[in-house]
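See structure below.
Per chain, numbering begins at 1; letters A, B, ... match sequence-line order. What you see is a predicted model, and the numbers here were worked out from it, not measured in a lab.
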2 protein chains.
Amino acid sequence: MQPNAHDSTKDTRRVDLLNKAGELLAMRPTASLADIATYAGISKATLHRYFANRDDLMLALGYRALELVARAFADAEIETGSVIDALTRVSETLVPLGDKLHLLWNESLYALHPDFAAAEQATQEPMLRLIKRGQANSELRDDLSAEWLMQLIDYALFAVWVSVYEGYAARRDAARMLLTTLLDGIASRS
Amino acid sequence: MQPNAHDSTKDTRRVDLLNKAGELLAMRPTASLADIATYAGISKATLHRYFANRDDLMLALGYRALELVARAFADAEIETGSVIDALTRVSETLVPLGDKLHLLWNESLYALHPDFAAAEQATQEPMLRLIKRGQANSELRDDLSAEWLMQLIDYALFAVWVSVYEGYAARRDAARMLLTTLLDGIASRS
DNA sequence: CTATATTGAGACAATTATATCTCATTTGCA
DNA sequence: TGCAAATGAGATATAATTGTCTCAATATAG
C-alpha cells in the first residue's frame, strides 16, 4: 500500500462498508446490523467500530448519497449552456448511482436527524435552478412549477433505477430511456 | 344505524382502522402498533382483535390498496375507447387515493407474503394491456417498452401524490398536472 | 331492563434488535 | 521477528416492540 494511504485506509473501509450496506438494504430494507455485518464479511463488533449505532450508519449512507448527487451536479457544469444537455449529463451520472441513492427515496432520514431535510433541499437547489433556467430560456415548459418538474425528474430517476434493478431495463440504455420519456412524454407525436 | 348494517359494522370498523393506520404510516413509516392504536383512538387490545399481528395489518393495507387500484381500473372502463382518455380517468381516480396506496411504493410487502408480488402484478395487468393497446393504436409511443411506460406512470403517480402531501401541488390540480407532464413531457414544444 | 358482546387499560411474557464488553487471534508495520 | 493495532467470535446487558391475557367498564341488542 501507498505510504500515504494510512489515513485514508479507514475512510476507504468505511466507504466499502457503506456500499455493502447499501447493497443489502436495497434488497432487504429491514436487514439488521448483524445481517449487514455478515453481508459485508465482517463481525458485528467491527461494524460498530465504524458506525456507533444504526442511526449513525443510516445517516452516513444518507449524507454520502447527498454528496454523490452534489458532485454529479458540480461535475456536469449545469450552470451554463444547454439545459437539456445538462440534464442529460446529470442523468448519465446519476442513473448508475441508483444503488447508492435509493435510500433517499425509501428511508425517512429526516426523522433521524432534523438537519437532513435541509441538507437534502440544499443539495437539490442547483437542480431547481437548472430547471428554472430551462423554463426561462424556453427549453423547458413554463406552464408547470419548477418544483413539480424537479419532483417528477426525481421520481422518474428512481423509476428507471428500479427498472434496471429488477431487470426490466438495460443498464446502459437506462439514461437515454429516462431522458427521452421525461422530455418528450409518453404520447405519440402526431 | 341501518338494520342491515349488522354484518358490515365490523368491516366498516376495519376499513376505518386501515385508513387511520395508513394515515399515520404515511407520516411515520415506523410507527409502532401502540402508536397506531392511539392514533386511531382505540386500545392496543382492540387493534389486536381486528388484526392478529403487525404483518396481518400491513398485508391488509396492501391488499386493500390493490383492491382500490383494481376497482379504479374496472370503473374507468379502460378496455375500449381512447387510451389517453382512459389514462385520464384512471389518474383522476387514483391520485386522491394516494394516501391509501403509498405503502405499495414504500413497503416491501412481498417479504411478508410470497403471493403479494403476484397479486400486485395481476392487479397491474389491465394497465399494462391499456398501455399496449395505446401503443398499438398509435396513441402512445411504441419505441419504448410498455413495462417501462407503466413503471414511469406508476412512480409519476407517486410523485404527484407526494407533491400534494407535502403541499407543493394543489390537490384538485394534481391529476391534470400529472397527465400533461406524463403525456407531453417537460420539454417545450417548439 | 337485562344479558351479551365489545372495549379499554394495563400487566405480563416473549421476542428481537441494539449496544457494550472481553479476550483470543490475526494483521500490518517497523 | 516482534510489537501495536485491528478484528472476530460470542457473551451479556439493555431497550423496544410485539403479542397475550385479565378484568372492569361500556355499549348494544333483544
Side-chain angles (χ1 to χ4, degrees), chain A residues 1-62 103 106-109 111-113, chain B residues 1-62 103 106-109 111-113:
Chain A
M1 311 208 169
Q2 303 89 346
N4 209 358
H6 204 74
D7 282 348
S8 60
T9 298
K10 277 193 107 153
D11 286 354
T12 301
R13 187 75 183 280
R14 241 181 101 95
V15 172
D16 289 346
L17 290 179
L18 288 179
N19 288 340
K20 284 292 186 184
E23 262 179 51
L24 181 59
L25 288 171
M27 293 187 282
R28 305 205 341 249
T30 62
S32 72
L33 293 178
D35 294 337
I36 293 171
T38 302
Y39 185 80
I42 63 173
S43 68
K44 288 178 287 184
T46 303
L47 182 61
H48 274 288
R49 288 185 185 106
Y50 282 89
F51 303 98
N53 50 46
R54 191 188 181 90
D55 289 0
D56 212 47
L57 171 61
M58 298 308 285
L59 276 177
L61 281 165
L103 83 162
N106 286 322
E107 223 69 32
S108 39
L109 295 170
L112 302 182
H113 193 48
Chain B
M1 310 205 170
Q2 302 87 349
N4 208 358
H6 202 75
D7 280 352
S8 60
T9 297
K10 277 193 105 152
D11 285 355
T12 302
R13 187 76 184 277
R14 241 181 103 96
V15 171
D16 289 346
L17 290 180
L18 288 178
N19 288 340
K20 284 292 185 184
E23 264 179 48
L24 181 59
L25 289 171
M27 292 187 283
R28 301 200 292 117
T30 62
S32 71
L33 293 179
D35 294 336
I36 293 171
T38 302
Y39 184 80
I42 63 173
S43 68
K44 288 179 288 186
T46 303
L47 182 61
H48 274 289
R49 288 184 186 107
Y50 282 89
F51 303 98
N53 51 45
R54 190 188 182 88
D55 289 359
D56 211 46
L57 171 62
M58 300 306 287
L59 276 178
L61 280 165
L103 84 162
N106 286 322
E107 224 67 33
S108 39
L109 294 171
L112 303 183
H113 193 48

Should [X] be listed as having a side-chain N or O under 4.0 Å from OP1 or OP2 of [N]?
{"X": "Y50(B)", "N": "dT6(C)", "result": "no"}
{"X": "R13(A)", "N": "dA6(D)", "result": "no"}
{"X": "S43(B)", "N": "dG8(C)", "result": "yes"}

Spacing between [X] atom [atom1] and [N] atom [atom2], to the nearest angstrom:
{"X": "L47(A)", "N": "dG8(D)", "atom1": "CG", "atom2": "C1'", "value": "13 Å"}
{"X": "R14(B)", "N": "dT6(C)", "atom1": "CZ", "atom2": "P", "value": "15 Å"}
{"X": "L17(B)", "N": "dT7(C)", "atom1": "CG", "atom2": "P", "value": "9 Å"}
{"X": "L57(B)", "N": "dT18(D)", "atom1": "CG", "atom2": "P", "value": "10 Å"}
{"X": "I36(B)", "N": "dT18(D)", "atom1": "CD1", "atom2": "C1'", "value": "12 Å"}

*Could you go step by step and tell me if L109(B) and M58(B) meet the side chain to side chain contact (heavy atoms under 4.5 Å, CB included) rule?*
CA-CA 8 Å; L109(B) 294 171; M58(B) 300 306 287; 4.0 Å; yes

*With sequence neighbours excluded, tell me which residues meet side chain to side chain donor-acceptor pair (under 3.5 Å) with S32(B).*
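Per chain and number, S32(B) pairs via side chain to side chain donor-acceptor pair (under 3.5 Å) with D35(B).
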
*With T38(B), which residues qualify under side chain to side chain contact (heavy atoms under 4.5 Å, CB included), at least two apart?*
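Listed in chain order: nothing, the list is empty.
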
*Any chance you could list the contact pattern along nucleotides 16-22 of chain C? Use B for base contacts, S for sugar-phosphate-only contacts and - for none, protein heavy atoms under 4.0 Å, 5' to 3'.*
--SBBB-

*How far does CG of L24(B) sit from OG1 of T30(B), to the nearest 0.5 angstrom?*
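One finds 9.0 Å between CG of L24(B) and OG1 of T30(B).
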
*With a 4.5 Å heavy-atom cut-off, do V15(A) and T12(A) have their side chains touching?*
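Side-chain contact under 4.5 Å: no.
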
*Is there side-chain contact between R49(A) and I42(A), with heavy atoms separated by less than 4.5 Å?*
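When only atoms from C-beta onward are counted, I42(A) and R49(A) do not touch, as no gap falls below 4.5 Å.
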
